[in-house]
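Following: one structure in structure tokens, then a few remarks.
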Protein chains: 2
Amino acid sequence: MKLSTRSRYGARLMVDLALHYNQGPVQLSEISKRQDISVKYLEQILIPLKKAGYVVTVRGPKGGYMLADPPEEITMAQIVELLEGRRNLVACMANPEICSRSDVCITKNLWEELTEMIYEKLESITLADLAEKARRKDENRKEME
Amino acid sequence: MKLSTRSRYGARLMVDLALHYNQGPVQLSEISKRQDISVKYLEQILIPLKKAGYVVTVRGPKGGYMLADPPEEITMAQIVELLEGRRNLVACMANPEICSRSDVCITKNLWEELTEMIYEKLESITLADLAEKARRKDENRKEME
DNA sequence: ATATAGTATACTTAAATAGTATAGATTAAT
DNA sequence: ATTAATCTATACTATTTAAGTATACTATAT
């Protein structure tokens, strides 16, 4: 039960885009510097995000990436589900046939409940929430100086 | 974000032991048959469980494994934490030094909250709860026939 | 004694993860 | 038109982790 690097980086990437929403395309080279993630890896992560329609791109010089929708409308559940490549803690949830005891399994019930709880939480958190927190944290930091 | 087979099997194994609590040592060959998990793999999983003091063993003929404590006193949080080998969704929670932005990271906060929520839930569920559910499910199944 | 069970350690295989490399397609700016 | 900045597509590689097996013990009830 560990979050993949893809999800972690993807989350930071998307919050970065949220912080620059409505400011034109953001270049990967900038995000790479700010987030300390290689451009090449960011490109990898952006493929599914683009396919899912969460980001749009502008090609050519001065091009870059932008959120496809307002930050209020993109939840962490969408990002995590997409980048983890599944919405379950346990494979038998999606494919009951892989385990002969799926129908009687007590522990499967528990993993299902847990998964549901996790995604309920993630659905309640939007990119706008995280961007807001990031802005506040940054202000606090400046005041401290 | 996926539960390891070790945790899944470990959970089933411990519920199996809970269902036979106070009935003397349970042999791996029996558990292996009931749960359809190889004896060798069960042995692997039992090493940490024994080290942690959650099970005790009786060696020799008629030997086997038993819960060290009543099922009411063993929670799923203990089992999952032990068998996953960590109590965090994200390595920077345990080792902030691996990421330079640990102190400003907004997403880290989120992963911490999520982890806390998950383990709160797992702490609320004991082996007794699951054994009880298993007994009920089994009765229902019999009535259906 | 002996067979039954757990113990310890090490090995093997397969899959997933995390990333890099290379070559190409678009397009704004000149 | 050319160029340089950017994204795109595909494929490769190395590392780690997961999952499971094998071999050789040790303890003990009968």
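Every chain is numbered from 1 and lettered A, B, ... according to where its sequence line falls, protein lines coming before strand lines.
- Looking at B/Arg59, its side chain comes within 3.5 Å of the base of D/dT26 through a donor and an acceptor atom.
- Within 6.0 Å of CD on A/Glu116 lie no more than 12 heavy atoms contributed by other residues, nucleotides or ligands.
- Atoms OG1 and CG, from A/Thr107 and B/Leu130 in turn, are 7.5 Å apart once rounded to the nearest 0.5 Å.
- With sequence neighbours left out, the salt bridge (charged side-chain N to carboxylate O under 4.0 Å, His left out) criterion links A/Lys51 to no other residue.
- Of the two residues contacting DNA chain D, namely A/Ser29 and A/Lys2, the nearest-nucleotide position lying further toward the 5' end is that of A/Ser29.
- With 3.5 Å as the limit, one finds a donor-acceptor pair spanning the side chains of B/Ser7 and B/Glu84.
- Nucleotides of DNA chain C lying under 4.0 Å from heavy atoms of chain B occupy a range whose first and last members, 5' to 3', are C/dA3 to C/dA10.
- Here the CE atom belonging to B/Met14 is positioned 4.5 Å from the CD1 atom belonging to B/Ile79, to the nearest 0.5 angstrom.
- Shown here are the ring pair (Phe, Tyr, Trp, His ring centres under 6.0 Å) partners of B/Tyr9, two or more places apart in sequence or in another chain: B/Tyr41.
- Among the protein residues, A/Val56 comes within range of no part of the nucleic acid, since none of its heavy atoms lies under 4.0 Å from any strand.
- A/Ile37 contributes atom CD1, which lies 6.0 Å from atom CD1 of A/Ile45 (distance to the nearest 0.5 angstrom).
- Identified under the side chain to side chain donor-acceptor pair (under 3.5 Å) test for residues 17-32 of chain A, with sequence neighbours left out: A/Asp16-A/His20.
- Separating the NZ atom of B/Lys50 from the P atom of D/dA27 is a distance of 12 Å, rounded to the nearest angstrom.
- Between A/Lys133 and B/Glu113 there is a salt bridge, since a side-chain N of the basic residue sits under 4.0 Å from a carboxylate O of the acidic one.
- Taking every heavy atom of residues 7-22 of chain B and every atom of DNA chain C, no pair lies under 4.0 Å.
- A salt bridge between A/Asp138 and A/Arg135 is absent, with no side-chain N of the basic residue lying under 4.0 Å from a carboxylate O of the acidic one.
- Using a 4.0 Å cutoff on non-hydrogen atoms, the parts of residues 33-49 of chain B near DNA chain D are B/Ser38, B/Lys40, B/Tyr41, B/Gln44, ordered by number.
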